[in-house]
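Have a look at the structure below, then the notes.
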Amino acid sequence: MPHCPDCNSKRTVKNGHIHTGKQRYLCRNCGRQFVKNPTNKVIDTPTRELIDRLLLERIPMAGIARAVQVSEQWLQDYVNCKAAQTHRQVAVSPKKKGRLTVQCDELWSFVDHKGNKQWVWLALDAETREMIGAYVGSRAAESAQNLWDSLPTVYRQCAVIYTDAWEAYRQVLPSKRHRVVSKSSGKTSYIERFNNTLRQRVSRFVRRSLAFSKSLRNHISLLWNFIHHYNASLPL
């Protein structure tokens, strides 16, 4: 057996294989995991661009790592870095003051375990289909307020807002422009369709999935990453 590169101990054992199939070893003295004659693999730009596209699909992290032949640890570090750089604010097309229509809804999700509920609050422009606001938090009025604050100024000044009957909306939205409707009315159909699209495209928002988020920061940032991609793909 090879010596441990950290403590030089001979008390090493085989410990599975890395993603390339190369033998991995474990040092029983210090706990270090290592491979013999390691080589540093440079992840090129085309591979990174492919990973960026795969993060927008319903594929778990382990699946992406297998498909592009990178280690799960490298991929996690890459996602962490990407999450830190993702803007948490929408960039919508310019709007004039006038009659604007917004649809809002909440979507249940969780981080790390199902007891840690994280509600995704979303707002959409019913005419352009752009996502114009988002917030992740509890289902209380404070989160509804944060969703309202995330909307561009022109919407907060002029828009008529359609929501379901959840009480938190009544506590926050301007009563003269707030419309409470049922799902059967069709007045929230676009935002409900986006919720379905989000669950179909991003695996960590699926109700029953092993591909859930373990980090709230990454959960929020990958939501925003998808929103930016979604808005950019609209035929405006």
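Numbers here are sequence positions counted from 1. In this text, all values refer to a predicted model and were calculated from it rather than measured experimentally.
Residues Val172 and Ala141 approach most closely at CG2-O, 3.6 Å, considering heavy atoms. Between Ala123 and Val102, the shortest heavy-atom distance links the atoms CB-CG1, 4.1 Å. In terms of heavy-atom proximity, Glu72 sits nearest to Ala65 at CG-CB, 3.8 Å. The shortest non-hydrogen separation linking Gln118 to Asn116 is NE2-OD1, 3.0 Å. Smallest separation of non-hydrogen atoms from Leu124 and Ile132: N-CG1, 4.1 Å. In terms of heavy-atom proximity, Cys7 sits nearest to Asn29 at SG-ND2, 3.4 Å.
Remark: side-chain polar atoms of Ser213 are not paired, donor with acceptor, to backbone N or O of Val111 under 3.5 angstrom. With hydrogens and angles disregarded, a donor-acceptor distance shorter than 3.5 Å links the side chain of Arg199 to the backbone of Phe205. Arg156 places no side-chain N or O within donor-acceptor distance of the main-chain N or O of Val154, the cut-off being under 3.5 Å. Listed for the Gln89 side chain is no donor-acceptor partner under 3.5 Å among the backbone atoms of Ser150. With hydrogens and angles ignored, the 3.5 Å screen pairs no side-chain donor or acceptor of Asn15 with any backbone N or O of Arg24. Arg179 contributes a side-chain N or O that, together with a main-chain N or O of Lys176, makes up a donor-acceptor pair within less than 3.5 Å. In this structure, the side chain of Lys22 engages the main chain of Asn37 through a donor-acceptor pair within 3.5 Å.
Residues Val79 and Ile220 do not share a hydrophobic cluster, defined by chaining ILVMFWY side chains whose heavy atoms lie under 4.5 Å apart. The cluster map of Ile, Leu, Val, Met, Phe, Trp and Tyr, joined by side-chain heavy atoms under 4.5 Å apart, puts Phe212 and Leu216 in the same cluster. Note on Leu100: it does not cluster hydrophobically with Val160, by side-chain heavy-atom contacts below 4.5 Å among ILVMFWY residues. Under a hydrophobic clustering in which Ile, Leu, Val, Met, Phe, Trp and Tyr are joined whenever their side-chain heavy atoms come within less than 4.5 Å, directly or via other members, Trp121 and Val180 fall into different clusters. Hydrophobic clustering (ILVMFWY, side-chain heavy atoms < 4.5 Å, transitive): Trp166 and Leu151 are in one cluster.
Within a 6.0 Å sphere centred on CZ of Arg48, heavy atoms belonging to other residues, nucleotides or ligands number more than 12. The 12-atom threshold is exceeded at CD of Gln23, counting heavy atoms of other residues, nucleotides or ligands nearer than 6.0 Å. Within a 6.0 Å sphere centred on CD of Glu57, other residues, nucleotides and ligands contribute more than 12 heavy atoms. Counting heavy-atom neighbours within 6.0 Å of His87 NE2, excluding the residue itself, gives a total of 12 or less. Atom CD of Gln157 sits in a crowded spot, with more than 12 heavy atoms from other residues, nucleotides or ligands closer than 6.0 Å. Environment of NZ in Lys36: sparse, with no more than 12 heavy atoms of neighbouring residues, nucleotides or ligands closer than 6.0 Å.
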(message) Set out, in order, the CA-CA distance, both residues' side-chain angles and the distance that settles side chain to side chain contact (heavy atoms under 4.5 Å, CB included) for Thr128 and Leu234, then state yes or no.
(response) CA-CA 8 Å; Thr128 65; Leu234 292 173; 5.8 Å; no
(request) Tell me, with the steps shown, if Ile18 and Val35 meet side chain to side chain contact (heavy atoms under 4.5 Å, CB included). (result) CA-CA 8 Å; Ile18 63 173; Val35 296; 3.8 Å; yes
(message) Apply side chain to side chain contact (heavy atoms under 4.5 Å, CB included) to residues Tyr162 and Tyr190 and explain how you reach the verdict.
(response) CA-CA 11 Å; Tyr162 291 88; Tyr190 296 136; over 6 Å; no
(request) Let me see the working for Leu223 and His219 under side chain to side chain contact (heavy atoms under 4.5 Å, CB included), right down to the final yes or no. (result) CA-CA 6 Å; Leu223 166 69; His219 193 68; over 6 Å; no
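If you take CE on Met61 and CG on Leu55, they are separated by 7.0 Å, rounding to the nearest 0.5 Å. Here CD of Gln103 is found 9.0 Å from NZ of Lys187. Values are rounded to the nearest 0.5 Å. Distance check: Leu173 CG to Leu147 CG gives 8.0 Å after rounding to the nearest 0.5 Å. Distance check, rounded to the nearest 0.5 Å: OG of Ser109 to NZ of Lys114 gives 12.0 Å. Residue Asp105 holds its CG atom at 8.5 Å from OG1 of Thr163, rounded to the nearest 0.5 Å. Rounding to the nearest 0.5 angstrom, the gap separating the CG atom in Asp52 from the CG atom in Asn225 is 7.5 Å.
No side-chain heavy atom of Lys82 sits under 4.5 Å from any side-chain heavy atom of Asn218. Between Thr197 and Phe226 the shortest side-chain heavy-atom distance falls below 4.5 Å. A 4.5 Å side-chain heavy-atom check between Glu130 and Val90 finds every atom pair outside the cut-off. Looking only at side-chain heavy atoms (C-beta outward), Phe34 and Thr12 come within less than 4.5 Å of each other. Annotation: side chain of Lys14 is in contact with side chain of Tyr25 (closest heavy-atom distance under 4.5 Å). Counting only heavy atoms from C-beta outward, the side chains of Cys30 and Arg32 approach each other to under 4.5 Å. Looking at heavy atoms from C-beta onward, His229 lies in side-chain contact with Arg201 at the 4.5 angstrom threshold. Using a 4.5 Å heavy-atom threshold, the side chains of Leu122 and Ile227 count as touching.
One side chain, Asp149 or Gln145, offers a donor N or O that lies under 3.5 Å from an acceptor on the other. A donor-acceptor contact closer than 3.5 angstrom is absent between the side chains of Asn196 and Glu192. In this model, no donor atom of one side chain and acceptor atom of the other lie less than 3.5 Å apart for Arg193 and Ser189. A donor-acceptor contact closer than 3.5 angstrom links the side chains of Glu106 and Tyr169.
A cation-pi geometry, defined here as NZ or CZ lying under 6.0 Å from the six-membered ring centre and within 45° of its normal, does not hold between Arg88 and Trp224.
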